[in-house]
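Reading through the structure tokens given below for one structure.
All chains are named by letter (A, B, ...) in the order of the sequence lines, taking the proteins before the strands, and each is independently numbered beginning at 1. Values reported hereafter were calculated over all heavy atoms of this structure, with side chains retained and with hydrogens, waters and symmetry mates removed.
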2 protein chains.
Amino acid sequence: MSSYGQFCPVAKAMEVLDERWTLLVIRELMLGSTHFNELRRGVPKMSPALLSKRLRTLERAGIITRSEQGNRVVYGVTASGRELFPVVEALGLWGLRWIHQLGEEDLDPHLLLWDMRRTIPVDEWPRARTTLAIDLADVEPGGRHWWVVVSGSEVDVCDVDPGHEVTATLRTELLTLTQIWRGDLPWPAALRTGAVEISGPDMARRNVPRWLGTSGLARSLGTG
Amino acid sequence: MSSYGQFCPVAKAMEVLDERWTLLVIRELMLGSTHFNELRRGVPKMSPALLSKRLRTLERAGIITRSEQGNRVVYGVTASGRELFPVVEALGLWGLRWIHQLGEEDLDPHLLLWDMRRTIPVDEWPRARTTLAIDLADVEPGGRHWWVVVSGSEVDVCDVDPGHEVTATLRTELLTLTQIWRGDLPWPAALRTGAVEISGPDMARRNVPRWLGTSGLARSLGTG
DNA sequence: CAGTATCCATTTCGATACTG
DNA sequence: CAGTATCGAAATGGATACTG
């Protein structure tokens, strides 16, 4: 937050925005998180103290709002914050295009499923309650098994067996699913090479890619 | 440069870009600087050691190139770097729209004139050699007096009297000229209120605003 | 749920001076 | 011109535990 000593608008913008984690917090708000612990899930490696500090800074900068609704605290963006969305998107598209190397440390099954959960396209799923099991074969217990349950318009993603009958099972490795999600690897290619295996009735095997989709940024690249 | 532990493209992008000064260095390259000491003039508060470090990091990240041409070192952007220009511009436009408060410490006459020099619209000036004197009335010596000399297609900006006959003189305060340059304050308004005084022949007095213009970002806002 | 509190290792950066 | 070298102050931020 220290000054660059420049009148240049880029410099003035970066005085607020170049602090570590800041734009990722804004990304979370942009993706719809509004509560403190909801935000935390999107930036799990950030300490709560630091998140709290950043939120305060952003509030003072007029980029976000903090309000107490009943006994809950709600964060939101101001007009100024909303106008940062194109910046975040531009950064994301650039990252997608130019940074392909993902290291072990960039992968996180919880983060991946949390992100996927946000945009599960319910309309693509059958009307009847449907359960997709995901098995990330190379991940330790406590992050390996996931269940996506769609029932009506309700989505549930959990890492403990909900006990329902499983409609289909997707088996792959964490890196592969991450790459698919980012848009680096198209679903059809992943299925063709066997990097992803889907077991279950034919209908399901064909539809699982549409049930999960890809991240918003991947779609932006596709249509842009 | 430490990892966020996230596969998200925004996070991967910020791992490189959120370090202090980084995007300002890219801005300088974007505006046409190619040599080390040229870059320094655009980020005068940055120590040479740090600039050197950032350049190396950007080179390793595949964003800029460094080549020795003859005995001079030349920096340039790669395709990846070029695609950061929209990001820098988006940040600048956001900064221009939402951060209006300029503090004393953001003002710097050398930086301002260095920036203005880059885009002096020669075509707007008379054919004959023309000298515009600028007097920043509230600035200490060693930054107060400037001369813009346009002769043919050549532009010279200096802070020592070149000795030519002065065609016109612009007198104002540093903050005012900075605001005009950024686009916060339109030329006509500044002239009307007397915040800027131009002395000299009528022709000159009418034309000085077009001789100097405004920053590229200000123009982007106007046309966007 | 929504944060605070504490603590210290580590990093970072600015200042200044120097070099082939 | 194009950087290095060195140094120390300051801040950052990660880890962990705790609270109304």
field: Pairing of B:Glu173 and B:Arg171 as salt bridge, 4.0 angstrom limit
entry: no
query: Does B:Trp21 put a side-chain nitrogen or oxygen below 4.0 Å from OP1 or OP2 of C:dT12?
result: no
message: How many whole angstroms separate atom CZ of A:Arg72 from atom C1' of D:dG20?
response: 17 Å
- request: Would you indicate, yes or no, if C:dG3 has its OP1 or OP2 atom less than 4.0 angstrom from a side-chain nitrogen or oxygen of A:Arg40?
  value: no
message: Taking B:Arg40 first and then B:Glu28, would you say they form a salt bridge - that is, a charged N and a carboxylate O separated by under 4.0 Å?
response: no
- request: Go through the steps to decide whether B:Thr130 and B:Val149 satisfy the test side chain to side chain contact (heavy atoms under 4.5 Å, CB included), and finish with yes or no.
  value: CA-CA 6 Å; B:Thr130 309; B:Val149 184; over 6 Å; no
message: With a cut-off of less than 4.0 Å, is there a side-chain N or O of A:Arg56 near OP1 or OP2 of C:dA2?
response: no
query: Within the structure, does a side-chain N or O atom of B:His35 lie under 4.0 Å from either OP1 or OP2 of D:dA2?
result: yes
message: So that I can tick it off, tell me whether B:Asp18 and A:Arg20 are bridged by a salt bridge, with the cut-off set at under 4.0 angstrom between side-chain N and carboxylate O.
response: no
query: Watson-Crick or G-U wobble partner for D:dG20, using a 3.5 Å limit on both distances?
result: C:dC1
query: Is there a residue in residues 43-55 of chain B whose heavy atoms reach under 4.0 Å of DNA chain D, and which residues are they?
result: B:Pro48, B:Ala49, B:Ser52
query: Between the side chains of A:Glu89 and A:Ser220, does any donor sit under 3.5 Å from an acceptor?
result: yes
Cationic N near anionic O, under 4.0 Å, A:Glu59 to A:Arg56: no
task: Tell me whether the OP1 or OP2 atom of C:dG14 has a side-chain N or O from A:Tyr4 closer than 4.0 Å.
output: no
- request: Consider the side chain of A:Tyr75, meaning its heavy atoms from C-beta on, and name the nucleotide among C:dG3, C:dG14, D:dG14 that approaches it most closely.
  value: C:dG3
message: Heavy atoms from C-beta onward define the side chain here; which of C:dG3, D:dG3, D:dG14 lies closest to that of A:Arg66?
response: C:dG3
